[in-house]
There are 4 protein chains.
Amino acid sequence: MSGTKSAARRPDVSLPSHIYRRLFETRRLSLDLAAPLSPEDMTVQAMPDASPTKWHLAHTTWFFETFILTPYLPDYGIFDEAFGFCFNSYYEAVGARQPRAYRGLLTRPTSEQVFAYRAHVDEALDRLLSGPAADAVSGLIEVGINHEQQHQELLLTDILALFAANPLRPAYLSVARNLPTVSATEMRWIDYAGGIHDVGATGDTFAWDNEEPRHAALIRPFRLADRLVTNSEWLQFMQDGGYRTAAHWLADGWTLVQSEGWRSPLYWEGSGSVWHEMSLNGLLPLDLAAPVSHVSYYEADAYARWSGKRLPTEFEWEIASAGQPVTGNDLSTRALRPVAAARTAGAGPQQLFGDVWEWTQSAYLPYPGYAPAEGALGEYNGKFMVGQHVLRGASCVTPSGHARATYRNFFHPQQRWQFTGVRLASEID
Amino acid sequence: MSGTKSAARRPDVSLPSHIYRRLFETRRLSLDLAAPLSPEDMTVQAMPDASPTKWHLAHTTWFFETFILTPYLPDYGIFDEAFGFCFNSYYEAVGARQPRAYRGLLTRPTSEQVFAYRAHVDEALDRLLSGPAADAVSGLIEVGINHEQQHQELLLTDILALFAANPLRPAYLSVARNLPTVSATEMRWIDYAGGIHDVGATGDTFAWDNEEPRHAALIRPFRLADRLVTNSEWLQFMQDGGYRTAAHWLADGWTLVQSEGWRSPLYWEGSGSVWHEMSLNGLLPLDLAAPVSHVSYYEADAYARWSGKRLPTEFEWEIASAGQPVTGNDLSTRALRPVAAARTAGAGPQQLFGDVWEWTQSAYLPYPGYAPAEGALGEYNGKFMVGQHVLRGASCVTPSGHARATYRNFFHPQQRWQFTGVRLASEID
Amino acid sequence: MSGTKSAARRPDVSLPSHIYRRLFETRRLSLDLAAPLSPEDMTVQAMPDASPTKWHLAHTTWFFETFILTPYLPDYGIFDEAFGFCFNSYYEAVGARQPRAYRGLLTRPTSEQVFAYRAHVDEALDRLLSGPAADAVSGLIEVGINHEQQHQELLLTDILALFAANPLRPAYLSVARNLPTVSATEMRWIDYAGGIHDVGATGDTFAWDNEEPRHAALIRPFRLADRLVTNSEWLQFMQDGGYRTAAHWLADGWTLVQSEGWRSPLYWEGSGSVWHEMSLNGLLPLDLAAPVSHVSYYEADAYARWSGKRLPTEFEWEIASAGQPVTGNDLSTRALRPVAAARTAGAGPQQLFGDVWEWTQSAYLPYPGYAPAEGALGEYNGKFMVGQHVLRGASCVTPSGHARATYRNFFHPQQRWQFTGVRLASEID
Amino acid sequence: MSGTKSAARRPDVSLPSHIYRRLFETRRLSLDLAAPLSPEDMTVQAMPDASPTKWHLAHTTWFFETFILTPYLPDYGIFDEAFGFCFNSYYEAVGARQPRAYRGLLTRPTSEQVFAYRAHVDEALDRLLSGPAADAVSGLIEVGINHEQQHQELLLTDILALFAANPLRPAYLSVARNLPTVSATEMRWIDYAGGIHDVGATGDTFAWDNEEPRHAALIRPFRLADRLVTNSEWLQFMQDGGYRTAAHWLADGWTLVQSEGWRSPLYWEGSGSVWHEMSLNGLLPLDLAAPVSHVSYYEADAYARWSGKRLPTEFEWEIASAGQPVTGNDLSTRALRPVAAARTAGAGPQQLFGDVWEWTQSAYLPYPGYAPAEGALGEYNGKFMVGQHVLRGASCVTPSGHARATYRNFFHPQQRWQFTGVRLASEID
């Protein structure tokens, strides 16, 4: 989740006991997610964009050690000085680091050592939070929790990338092969009025700094699909020559379609009308009613053009989501893959906070008046604000409690290994 | 100029005699620009982004032949069927074409044949515009004129790239080496009120479709520098370690700084405080008072961050430019390089329509309600709307009459071979 | 060891009990070599040239399963059909396979499964060799033993590559840091008469087919160094500007020196006169008296030119080695790195069969009359005979009993991750 | 011709008037070869391996200026100091130079300036050879003549590469499209006795240093085809699945076949049984009786394996050619492409010294006792002796008088833009 690339700036919330609880629940969840994996699985990196499980487990721990324990726990003993080099992600101010593409070469420290590292840091966090400095670090603890949640999502998408590259197509979690025979509902359209709307972080809850400052935006009336585009619909796009018709594509996308030989979403295998999809449950027959996933921005945009619609802007999405319940098929359901929406009575848009992140046509840029935070944590708050597009919502592997209507995720237009899909929008005639 | 990548949609202007005159003045200007070049100079391509002079001369001619003469002049005879393959740029609907990176391999047709091609087409255009179809094609002629103007700018920037790669550092046009000793004026700031402003093409003059539709935008109060950043100021950035300090840079930019070894603008040669700059007048001592040019978006953004300011948005620029005289150091001055601004009494911002294109922080995206035009001409109007940033204004090699306040130029953030520079903006405290 | 790339053609030796014993000793040795490694260590691949330990363990097992058990043991049950795809190296005739550069993605099968695979195959081999077909397969068993020995050497060189890429610089086997203070002996020269000599496999022992046919070669008188070039001598080459002087280098080598930034042998770290070398014993102070290792052909050739000598031909080396005892610092000493030669009384050349493989100036080409063997095993006996150079001898990680005077190892001139060094030769004035 | 990469070492021949004549005939021939080309044609480089015509014309001139005029003609005035940088090929000792891959960017100096450069140097050479130093430089003049002849061949092969990349497929020299309907003769085999043979330069004529020293070689009896493999025979190889059958190919070759999509010789266009071949006479119907050309070493080797034969060694070729008339379809015939052999009565092998260079299985390595010459001219005599294979004979664009039985040409195994073909050899049963 690209959100790992941004830092928060609200370290001023006092520490209620539920943050203490959430911290250790979050720390525990990372271990639970790693439990089905062998030491080998935890070590290897499928491609430079992905990171090993072990690295995620250690990096999130290093984050607490570096930004909280070292400065705030007086007698804290660094677990291993070498880990700073191994598990720093990109903080230039904190020193040199293992190059991203070579994280998968770190067979040492072993996974056992990483588990010991986690225990060491957890014990120190417990001491810190039981002591007088607890209040002072509550904001940073919140940052650490959210940071670790982002890596939990990445841990799962990176494992999927690894297992999809394995000829055995292993399942992270096996399920019965009989898929639910839910049909997708008919796509309906919801109209929204234009006007001046406030967008961005409200200040009521934790938010990353890229959601700030809250500001007014001028919006034209628009129309939004009430559910995500399904695999069945995507198949129609394919069967209509979608991947072979230059007219649908952005020029850079068309170049990639040809050079990479794209002819379906990333994890589809098959041809004609018979397709399987590699998932965290292994290789499964394609679920036609489920939302399409693992498509790039280029594919999302081409699909929208083919269908005569367009992608929403990030503010259209945010306005439509405001006030909607922040629930959905996220990590807490343990489905681990997108599923068909069930029509709920009288509802607004479905599938907003789960299943797949939704590409928007908005470039990832700073909000008006955005200013980077001070210090290493916020060192580079805006340094990813070029060449990427904003995604909104959440996915089937986003930890529960992490999503909100103002959340800005972001990826490069060619990236496909995340759970990324499409919700259509259009003008109102 | 990236504008070559978009097509216009206002073919409904009737043909006054001044369009006839402008057409042939424009056609003539292309030949004038090629006059100082040898047949060799006209053939070679310095890099894939650039095109040979001969290709520009032929492609603009092919444009008139394909989109105007062939459909509208009944007895028109195609000059050479093979030229369609050679000189199509990227119109997928018009057929296969020479790959962009290999345009420089086309030693045949020779430059003489290309000149004959131009004469053949000019003669036919003269016949067409003297006949009954003149009115029907006036809008397309306007498109053809503007298209050729864009290629005139590219012709010059591409020749500069070629000569800069030549160890002899040839001058396209020699000048006396004594540079004017004009000093740059002090940079002043102009404040602009916020509110809802209309932006985009007004409909009064020709415009490309990416300037449409005109629409309302909500703007916050802002402050804009009254002149461009100078070479002298850029040197301070360099001497302050600008190219060695990660904290100033977007992450992708910092990666490029290191992999490409950037340590100055593209055409600077030297070290310490002694620098020359390669120009269309050959290698000259750096003109400290002149605007910095040939910097990428990454550099522009890093400079702005270093200086505690930011780049303007494209709408801020447009609002500040509205009503300003559309004049400046453009191609008509034949300076062929940026020069220091002379303070004019009581003036608004200087150097808006000449010297260098100005990077904005706005991503190149469709305006709300934008819809691609029909047909091959507008086949892919929006197909470049990803991964690029908008530049506003004009440069020292933009043909006179081509610029306007609503014009949207666009390039990728790493590109540096155009005349691209920086105007600073900031919030109003 | 490139010998894995060739297949033998002498399956006609009857099966004495010592082959039975050698088979299981060899199989056992592979497990012993893997014992110090964690499951993570066994899974990762440092670079495309290297393979994971787990892959070596499984591939050698697959070799016995595919070429011996399946055809010769009637009731043999394939352990897992999927392993053929995973662990075939390059036998086109045996079907599709995991691409070489992605062997390190195979986190499944786990190392435990690979150990079970080995046990399954070993049990079957025991049955086969206790049965009536034992004689028929004795030649193939010999091939399998030699094949596995080659992979034992590769297993260790590939682990060294992996650990050298780890910022922790782990030791495969720790040793006391006090190195023996043996000095290198003075280099002496031994003269050899010219004439017609027979070279190539004698038929007395197992040999790969690339050592055949034995044939006459016309040799000029030559002179050979009695020991290998040492680290101390290499340091003089470096301090004399060896890596900065184009005149010493083959053109392709000089290009690499510059593009790769080579300034020392592969695993050296340091500068000036203070150097360490990464080894299977971890990062150690450079042993000045030990033979230089991990140099490419280009470096070996440049060193020879700098020293006014040349590399030997493969036949010069073979003639000098004929009749010499096939002993040395090989895997059996468990030194696991090259060590200084101790002068032995009245001896011929030292260090012939251990320490490092010795680059020769001979290209790896077929012997006159060489003809590829039939069938998949010999499918491509000669398919590597282009673009590589022959190395002779053995290294500190070559299993005991694997070396002989006629053995032809081969690598590409830029490869450095093997234990490869230099013995000088010269004309006789 | 790779021979440009080596330097000769026999500057001790006194200057007879015929050398004076040959010098200026050679200088004249270069101009004649450039005559059909436009200034554009002379400037562009089709790929990094090729050089522009203008560069060949200037580089050969720079060679005379640098190695003969500057040291030996006292009052000689350098034509232009900048040309040293532009037209040095690879002599490290003579200073920095334009990178090889960017030779095609040199639109300046113009071709007219290069012609003036040639005239300037020719005039000075005439003065030098009319003066007292004539004898002293006769050997160097011989080197310069041979060097220029090599570049004459390259000039033509590089122009073919350029025109083959042009969608117009221009002819360097147009011919009537009716090809001669000569049939190829039946391939016959000639047996040669084994024994000790002397090979290498005899000292009777000019030779490059890589042909030295003459030395004894032990040869086994062998059999050689009396003519080259024809296009018709190559078509059988293709139709038998030659390019789709891994078993025929060296491993590196098979990788290239797949990555590059090779399915025929370089300049063939067509499919099934209908093929054309791009040539210096433009795109012509494939001449079935003519020798196949523009095949890589990998293809030559695969063809030989498919046919059950092998490629000859360079010494087998030399022995078979010794005493044969050094005549054939070389540049003097102006056929400019390979043609069918006419059987001559009682003859030895045909087509030895023309049509196509013949790949041998011999790696390009130094002869025993080879030692590089002194000084810049011989600076790197041996620096290309790795990774290449020897070709023997001459081609249809080799200047008359340049070939001899001991000549060693050399190219990398993947290179195909030269006129390179196949003569088969085999063991004698």
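In what follows, every heavy atom counts, from backbone to side chain, and hydrogens, waters and symmetry copies are set aside. Here is how names work: the chains are called A, B, and so on, in the same order as the sequence lines, proteins then strands, and each is numbered from 1.
- Annotation: side chain of Asp301(B) is not in contact with side chain of Lys383(A) (no heavy-atom distance under 4.5 Å).
- Contacts of Arg263(A) classified as side chain to side chain contact (heavy atoms under 4.5 Å, CB included), with partners at least two apart in sequence or in another chain: Ser271(A), Trp275(A).
- Counting heavy-atom pairs closer than 4.5 Å to chain A, the top-ranked of the candidates Pro368(B), Ser426(B), Ser362(B), Ala217(B) is Pro368(B).
- Only the side chain of Pro413(A) comes within less than 4.5 Å of a heavy atom of chain B; its backbone N, CA, C and O stay farther away.
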Check the pair Leu250(B) / Phe384(A) against side-chain contact (heavy atoms from CB on, under 4.5 Å), numbers first and verdict last.
CA-CA 6 Å; Leu250(B) 289 163; Phe384(A) 301 106; over 6 Å; no
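- His389(B) places a side-chain heavy atom less than 4.5 Å from the side chain of Leu365(A).
- Note on Ala251(A), Ala363(A), Gly387(A): by heavy-atom pairs under 4.5 Å with chain B, the leading option is Ala251(A).
- Legend: residues meeting side chain to side chain donor-acceptor pair (under 3.5 Å) with Thr420(A), ordered by chain and number and at least two apart, are absent.
- Under a cut-off of 6.0 angstrom, the local environment of CZ in Phe85(A) is crowded, with over 12 non-hydrogen atoms contributed by other residues, nucleotides or ligands.
- Residue contact with chain B, scored on non-hydrogen atoms closer than 4.5 Å, involves the backbone and the side chain of Ala216(A) alike.
- Using a 4.5 Å cut-off between heavy atoms, Tyr298(A) touches chain B through its side chain atoms alone.
- The shortest non-hydrogen separation linking Gly369(A) to Arg220(B) is CA-NH2, 3.8 Å.
- Minimum interatomic distance between Gln361(A) and Pro366(B) (heavy atoms only, all atoms of both residues): OE1-CG, 4.4 Å.
- Summarising the geometry, atom CG belonging to Leu218(A) is positioned 11.5 Å from atom NE2 belonging to His197(B); distances are rounded to the nearest 0.5 Å.
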